[in-house]
Number of protein chains: 4
Amino acid sequence: MASPRSLVDKFCPLPSKRERRKEARPGELLAAALDLFVEKGFAATRSEEVAVRAGVSKGTLFLYFPSKEELFKAVVIENLGGRFTEWNAEFEAFEGTTPEMLRYCMNVWWERVGLTKASGLTKLMMSEGGNFPELAEFYREQVVRPGHDLLRRILQRGIDRGEFAPVDIDHAIYSVVAPMVFLMLWKHSAMVCVDGVSTLDPEKFIATQCDTVLHGLCVRPGSPA
Amino acid sequence: MASPRSLVDKFCPLPSKRERRKEARPGELLAAALDLFVEKGFAATRSEEVAVRAGVSKGTLFLYFPSKEELFKAVVIENLGGRFTEWNAEFEAFEGTTPEMLRYCMNVWWERVGLTKASGLTKLMMSEGGNFPELAEFYREQVVRPGHDLLRRILQRGIDRGEFAPVDIDHAIYSVVAPMVFLMLWKHSAMVCVDGVSTLDPEKFIATQCDTVLHGLCVRPGSPA
Amino acid sequence: MASPRSLVDKFCPLPSKRERRKEARPGELLAAALDLFVEKGFAATRSEEVAVRAGVSKGTLFLYFPSKEELFKAVVIENLGGRFTEWNAEFEAFEGTTPEMLRYCMNVWWERVGLTKASGLTKLMMSEGGNFPELAEFYREQVVRPGHDLLRRILQRGIDRGEFAPVDIDHAIYSVVAPMVFLMLWKHSAMVCVDGVSTLDPEKFIATQCDTVLHGLCVRPGSPA
Amino acid sequence: MASPRSLVDKFCPLPSKRERRKEARPGELLAAALDLFVEKGFAATRSEEVAVRAGVSKGTLFLYFPSKEELFKAVVIENLGGRFTEWNAEFEAFEGTTPEMLRYCMNVWWERVGLTKASGLTKLMMSEGGNFPELAEFYREQVVRPGHDLLRRILQRGIDRGEFAPVDIDHAIYSVVAPMVFLMLWKHSAMVCVDGVSTLDPEKFIATQCDTVLHGLCVRPGSPA
DNA sequence: GATGAATGAGCCTTCATTCAT
DNA sequence: AATGAATGAAGGCTCATTCAT
């Protein structure tokens, strides 16, 4: 009688080792690229390094991504740009007050981006964007604009529901974005620390900044969130 | 007999036009280097560009600075590291209350560094420090440590005079530094702006952060500065 | 007892669709290779392109031809080298006068080679032969020598039969070959045409050159062919 | 008293060895490039080879020519394109009959181009033009068009002076160009020779073709030139 | 047999640095 | 002191060929 194993093999054939590699490859390359781009920057990362860290040869990288720039774009999409549909959906489904929503938004961003390597991409673009205009444009389109749009809708919701004062939304967006960007920069800059000691507590910082922002936005100061 | 002129020449020799240029050379090179390093980053700035912008030839640059790294160090000293003696002296001479002193310190930093190109050096080190460990170490030694030392002395003075609560000084330093670093990064990152619109008002931002910090430091909250 | 069908299968096995494809494979590859070699040259044609145009994968190409060079040799044999037995046979069977024979020979060459893509191989060898000595040697052996041999026999026949003057045959060969080579080069060189206009009429050109050659060869000038 | 030598040195300072190299460099590089392009083709010639043959390093080549394509263009200008002003001037000054002029033109072309390495450039463009459209366009503009223009003027002169029948000039141009192009191709194609023996006599070939052309052009056949 | 993922040698180009003048 | 011609190591990318499936 056939063993359970062989039944599985017959009806649910596992991909061969090679096939498994092939399907995993783009992900491995993107992961290696994220690591290295965040660690060394775009220009200073050599294509071959990315390949080697992903466990393949130079040529293989170019089998999956036609150039270093396209590789970078894919990394941006994978880690930031491609996740806005999900985030936007969460926003549409949110049912609490808008101050709660904003606080949730900032916390979630910190957890899902700020704390991860993806935050290094923002720092990278701020550093090297000027030297790679096409990448900068791509990043603005895929990350900055969707992010601002999401915040704009949140702020507009607060105003529409009478929770926020009718402030200048474009201005208010930066009040929200600024501390988050700051944290991402801070996190990726060993520079600011002497002896490796950083005494900034991100969660507390976020909470404080959130209070400040809501304090400024809410119609009845003193009762945010 | 010597003419009056020759006497002057002997004892108070005015540099000839050529000599004056010669002495100005390093300054012009440092200025050009600061411009370009801030604009494009350390790695992306080509030595020849610096020379050309300074109006000299590639060879001349290496006559004054033995390598691009040494040039960068000189730029750091010229614009940041070398000015701490002056700033420390101002601190020693300051006679007001310590909260006033701290506020003065932050405002002065913004005027003399934040607003100038020198602020780009901080952003640069945060971006590229990881790729150039020797430069990073140099910057920490010449800029970060003296800066922290100065702040430490200010905070200690406040505590010693009973103006500040006896907080953890190392921690408090970052509360002061963080907004300044943030502003420098912000200023040099076109990236964060969509459509070129940035709505952050640095002076107001500084003032607010200063209030917050003092609020946290002062023994009698509500009466800072 | 074997069914009628199986008898047929045994003695006149029709290739299955798969088998037919298998046997056609080299032909499709050779056709694709001819196209591309002629269009872009040997070095500039990528193996994968050939495979793709033939509708197979890169690996399959190397299954049939161990290298790009061998593929090229096969193309040469298929289109030029391998046809000399047939052409030689026609020569042996020809019964007219030798001037008629020569004129026929040139016309036939133009129809069967000059007008077809195969003519591009000659141009290709003239262009790239120097960079691929082994291919050049192969081409000389398989195409140039048999061609010259055929012409030599024709010229010799004319002399033997008293139709041609006893000229230096090796020299005369080139008089015949030159215009044909010229036409093949011309045809594959868009370069010589300004505004895409080429005003050379190949058939007329051949006829003229043939007249000229025969004029020089025939014992009684004025009565060629 | 100063020796004659020192006088020369004083008033006609010879360039230093380095300066002499510098001025000679572009020419040496162009010569090396012409050699190699003609010998191996454009694509198959490696930049470094050109540099080495010119006695310099890889980097130096790019000091004088920003890319391989620009180097090639410079070679074309130097050897073909840039000489049309001179050739056009000769044409303007020519005082004989137009048939004489045409014959002179073909002979001179053979001496100054056909016999030299420059003729290899024509063969090269015919071979690789399709793979390098920008170079092809450049060559057409700089060489083909001026060449045709010159011939057009000659033919027009003959027609205007009643020496040539009023033929279709564009068509006639090719009758003149064809044998010259053919010779250039022939010369650079070892391929057509078995055992290295080519029995084509270029001068005689040119003369014959010239006769043929003039025979077709002249109003009174039989009295060309 | 057929596939196509993987390899790595090779090529064009850049740029910090050197050094003869 | 000043110049700028020269160098050569390094990096992005291509493509013929191999081989596990």
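Here E/dA2 presents its C1' atom at 12 Å from CG of C/Leu29, a figure rounded to the nearest Å. Remark: C1' of E/dG10 and CG of C/Asn131 are 16 Å apart, rounded to the nearest angstrom. Here F/dT14 presents its P atom at 13 Å from NZ of C/Lys40, a figure rounded to the nearest Å. Note: CG (C/Leu135) to C1' (F/dA16) measures 14 Å, nearest angstrom.
Of the residues listed (C/Phe37, C/Phe138, C/Phe65), the one engaging C/Phe72 in a ring-ring contact (aromatic ring centres under 6.0 Å, His included) is C/Phe37, and it is the only one.
Judged as a side-chain hydrogen bond (donor to acceptor under 3.5 Å, both in side chains), and not counting sequence neighbours, A/Ser67 has no contacts. Checked against salt bridge (Lys or Arg N to Asp or Glu O under 4.0 Å), B/Lys73 has the following partners two or more places apart in sequence or in another chain: B/Glu70, B/Glu134. Scored by the ring-ring contact (aromatic ring centres under 6.0 Å, His included) test, C/Phe132 finds C/Phe42 as partners (sequence neighbours excluded).
The CG atom of D/Asn79 lies 4.5 Å from the CG atom of D/Leu34; values are rounded to the nearest 0.5 Å.
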Point to revise | Pairing annotation in dot-bracket form, given for DNA chain E with Watson-Crick or G-U pairs under 3.5 Å and | for cross-strand partners | key: .||||||||||||||||||||

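Proximity of A/Asp35 to A/Val50: side-chain heavy atoms (C-beta onward) are nowhere separated by under 4.5 Å. Side chains of B/Val38 and B/Leu124 form no contact here, defined as non-hydrogen atoms less than 4.5 Å apart.
Between C/Lys40 and C/Glu49 there is a salt bridge, since at least one side-chain N of the basic residue sits less than 4.0 Å from a carboxylate O of the acidic one. For the pair D/Arg53 and D/Glu28, the salt-bridge criterion is not met [side-chain N within less than 4.0 Å of a carboxylate O].
With B/His188 contributing its side chain and B/Lys123 its backbone, the two residues share no donor-acceptor pair below 3.5 Å. Side-chain atoms of A/Thr45 come within 3.5 Å of backbone atoms of A/Leu36 as a donor-acceptor pair (strictly under, hydrogens ignored).
DNA chain F lies under 4.0 Å from at least one heavy atom of each of the following residues of residues 46-58 of chain A: A/Arg46, A/Ser47, A/Lys58. Residues from residues 62-78 of chain D with heavy atoms under 4.0 angstrom of DNA chain F, sorted by number: D/Leu63, D/Tyr64.
In terms of position on DNA chain E, the residue among B/Gly59 and B/Phe42 whose nearest nucleotide sits closer to the 5' end is B/Phe42. The residue among A/Thr45 and D/Thr60 whose nearest nucleotide of DNA chain F is located toward the 5' end is D/Thr60.
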